[in-house]
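Have a look at the structure below before the remarks.
Quantities reported herein were computed from a predicted structural model and do not represent experimental measurements.
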Amino acid sequence: MATIDEDEYRQSLWPPLERAVKMLLVQKPGVYLKISYEEMYRYVYTSVCQQHSQVVYADLLRLLSSHIKSFTDDLEKLSGGQFVEEFHSGLKRYTQAISCIVPIFAYLNRTYLSVYLKLNLKEELNKLLNAMIIDKYTHQVLAELSSIQDQPFCCNPSVIADLISTIHELRPEYARVYPQLFARYIPNILPPTKAEETPMYIAEAQQMQQQLATIEDFKRCDTGRKRGLDDTPMVKR
C-alpha cells in the first residue's frame with residue numbers, strides 16, 4: 001500500500017467520511033439514509049493503516065461538536081413548546097446518528113481508542129452529546145414541561161411522553177428532581193398511594209377537567225345523541 005500523508009488524507013480520505021457523517025447528523029429520526037457503510041469503513045481502515053488514527057478521531061469529534069453547537073445556538077432562540085419539541089427532535093436525531101456513526105468508525109475504535117486510549121467510541125460520543133445537549137438543557141426542558149404540562153395542546157403529548165422516557169433512560173436521576181412530572185409517564189416513580197391521599201388526586205383530576213373546559217377549541221362529546229343500552233331496540237327472533 002502506497003504511503004498517504006496527512007495532506008492526501010485530507011484531500012481523499014476525510015472528505016467522503018465528512019459528507020457521510022454530516023448526512024447522518026441531519027437525517028430525520030426513524031429515517032435511515034442509503035450510505036455505503038462498507039465504503040466508509042474502507043476509508044477509515046485506510047486512514048488508520050496510514051497512521052492517521054489520531055487525526056481521524058480529532059476530525060470526527062470536531063465535526064460533531066461544530067454541528068451540535070450550531071443546533072444549540074438555534075435552540076436557545078426558542079421557548080415554551082417550540083423549545084421542548086426542537087430539543088426532543090435534536091436529541092432523537094443525534095442519538096440515532098451516533099448509532100450509525102459508530103459502525104463506520106469501528107476499526108478506529110478497535111485498534112486505536114480501545115488499545116491506546118482505553119476508551120470506547122460510543123461512550124465518548126455519548127459523553128459529547130451529554131455535555132453539549134443533555135446536561136446543559138435538560139433542567140430547562142423539564143422546567144418548561146412543568147410549566148406547560150397543564151396547558152393542553154401547547155406541546156404534542158406524544159413528544160412529551162417520548163422525551164420523558166428518553167431522559168429517564170439516559171439520566172434517571174432527573175426523576176428525583178421532577179418526580180411529579182416523570183410519574184405521569186413512567187410507572188413506579190412515586191411511592192404507592194395512601195388512602196388519605198385519594199382526595200388530593202380527585203381534586204387534581206377535577207382541576208384538570210375545569211382547565212380543559214375553559215379552552216375554546218376543546219369540545220366535549222355530545223352524549224345527548226347517544227343511545228344508552230336500554231334504548232337499543234330489541235330484535236325479535
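- In this structure, the separation between CD on E86 and CG on D74 is 7.5 Å, given to the nearest 0.5 Å.
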(Q) For a side chain to side chain contact (heavy atoms under 4.5 Å, CB included) check, start with the C-alpha distance between I133 and L75, then their side-chain angles and the critical distance, and finish with the verdict. (A) CA-CA 10 Å; I133 296 183; L75 182 66; 5.7 Å; no
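- A donor-acceptor distance shorter than 3.5 angstrom exists from the side chain of R93 to the backbone of L25, with no hydrogens or angles considered.
- For R171 against E173, the heavy-atom pair with the smallest separation is CD-OE2, 2.7 Å.
- Applying the side-chain hydrogen bond (donor to acceptor under 3.5 Å, both in side chains) test to residues at least two apart or on different chains, the pairs with a partner in residues 105-116 are Y41-R110.
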(Q) Apply side chain to side chain contact (heavy atoms under 4.5 Å, CB included) to residues V48 and V56 and explain how you reach the verdict. (A) CA-CA 8 Å; V48 172; V56 175; 5.6 Å; no
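- Linking Ile, Leu, Val, Met, Phe, Trp and Tyr residues whenever their side-chain heavy atoms come within less than 4.5 Å leaves L24 and V26 in two separate clusters.
- Both L60 and I35 belong to a common hydrophobic cluster when Ile, Leu, Val, Met, Phe, Trp and Tyr are linked at side-chain heavy-atom distances under 4.5 angstrom.
- Side-chain contact between L125 and F105 is absent, with no heavy atoms from C-beta onward closer than 4.5 Å.
- Annotation: side chain of L17 is in contact with side chain of M40 (closest heavy-atom distance under 4.5 Å).
- With hydrogens and angles ignored, the 3.5 Å screen pairs a side-chain donor or acceptor of Q96 with a backbone N or O of K28.
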Q: Take K127 and E123 through the salt bridge (charged side-chain N to carboxylate O under 4.0 Å, His left out) test and state the conclusion after the steps.
A: CA-CA 6 Å; K127 285 179 183 178; E123 292 177 359; 5.5 Å; no
Q: Please report the C-alpha distance between Y137 and L91 in whole Å, then the side-chain angles of each, then the deciding distance to 0.1 Å, and finally whether the side chain to side chain contact (heavy atoms under 4.5 Å, CB included) criterion is met.
A: CA-CA 11 Å; Y137 294 103; L91 183 58; over 6 Å; no
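- Counting only heavy atoms from C-beta outward, the side chains of V44 and L13 never approach each other to under 4.5 Å.
- Residue E8 places its CD atom among more than 12 non-hydrogen atoms of other residues, nucleotides or ligands, all under 6.0 Å distant.
- Here the shortest heavy-atom pairing between Y174 and H139 reads CE2-NE2, 3.4 Å.
- A continuous path of hydrophobic side-chain contacts links I186 to V141 [ILVMFWY only; heavy atoms under 4.5 Å].
- Among pairs with a residue in residues 29-52, none fulfils salt bridge (Lys or Arg N to Asp or Glu O under 4.0 Å), at least two apart in sequence or across chains.
- The closest donor-acceptor contact from the side chain of E144 to the backbone of S79 lies at 3.5 Å or more, if one exists at all.
- Counting heavy atoms from C-beta on, the side chains of L129 and L170 never come closer than 4.5 Å.
- Listed for the S165 side chain is no donor-acceptor partner under 3.5 Å among the backbone atoms of A161.
- The two residues A175 and H168 come nearest to each other via the heavy atoms CB-CD2, 3.9 Å.
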Q.
Between K22 and E18, is the side chain to side chain contact (heavy atoms under 4.5 Å, CB included) condition met? List the steps.
A. CA-CA 6 Å; K22 284 182 176 180; E18 182 180 29; 3.7 Å; yes
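- Taken to the nearest 0.5 Å, the CG atom of D7 stands 10.5 Å off from the OG atom of S12.
- Taking each heavy atom of S99 and P103 in turn, the nearest pair found is O-CD, 3.2 Å.
- In this structure, the separation between OG1 on T72 and NE2 on H67 is 11.5 Å, given to the nearest 0.5 Å.
- The salt bridge (Lys or Arg N to Asp or Glu O under 4.0 Å) analysis of residues 44-62, with sequence neighbours excluded, yields the pairs R10-D59, D59-R62.
- Of the possible donor and acceptor atoms, none in the side chain of S89 sits under 3.5 Å from a partner among the backbone N and O of E85.
- Put simply, the side chain of Q50 gets close to the backbone of A2: a donor and an acceptor are under 3.5 Å apart.
- Between atom CG of residue L108 and atom NE2 of residue H52 there is a gap of 12.5 Å, rounded to the nearest 0.5 Å.
- Annotation: side chain of N156 is not in contact with side chain of H88 (no heavy-atom distance under 4.5 Å).
- In this structure, the side chains of F87 and T138 come closer than 4.5 Å at one or more pairs of heavy atoms.
- Counting all heavy atoms, side chain and backbone alike, I189 lies closest to P179 at CG2-O, 3.7 Å.
- Around the CD atom of Q82, the shell of radius 6.0 Å holds no more than 12 heavy atoms that belong to other residues, nucleotides or ligands.
- Between L64 and I101, the closest side-chain pair of non-hydrogen atoms falls below 4.5 Å.
- The aromatic rings of F71 and Y94 stand perpendicular to each other, their planes meeting at an angle above 60°, with 30° marking the opposite boundary.
- Between atom CD1 of residue I68 and atom CG of residue D73 there is a gap of 12.0 Å, rounded to the nearest 0.5 Å.
- Separating the CD1 atom in I164 from the CG atom in L181 is a distance of 4.0 Å, to the nearest 0.5 Å.
- In the hydrophobic clustering of this structure, Y185 groups with I167; members are Ile, Leu, Val, Met, Phe, Trp, Tyr whose side-chain heavy atoms approach within less than 4.5 Å, directly or through other members.
- Within the 4.5 Å cutoff, the side chain of F182 has no heavy atoms near those of the R176 side chain.
- Nearest approach of L113 to N120, heavy atoms of both residues: CD2-C, 4.3 Å.
- No more than 12 heavy-atom neighbours from other residues, nucleotides or ligands sit within 6.0 angstrom of CG on N188.
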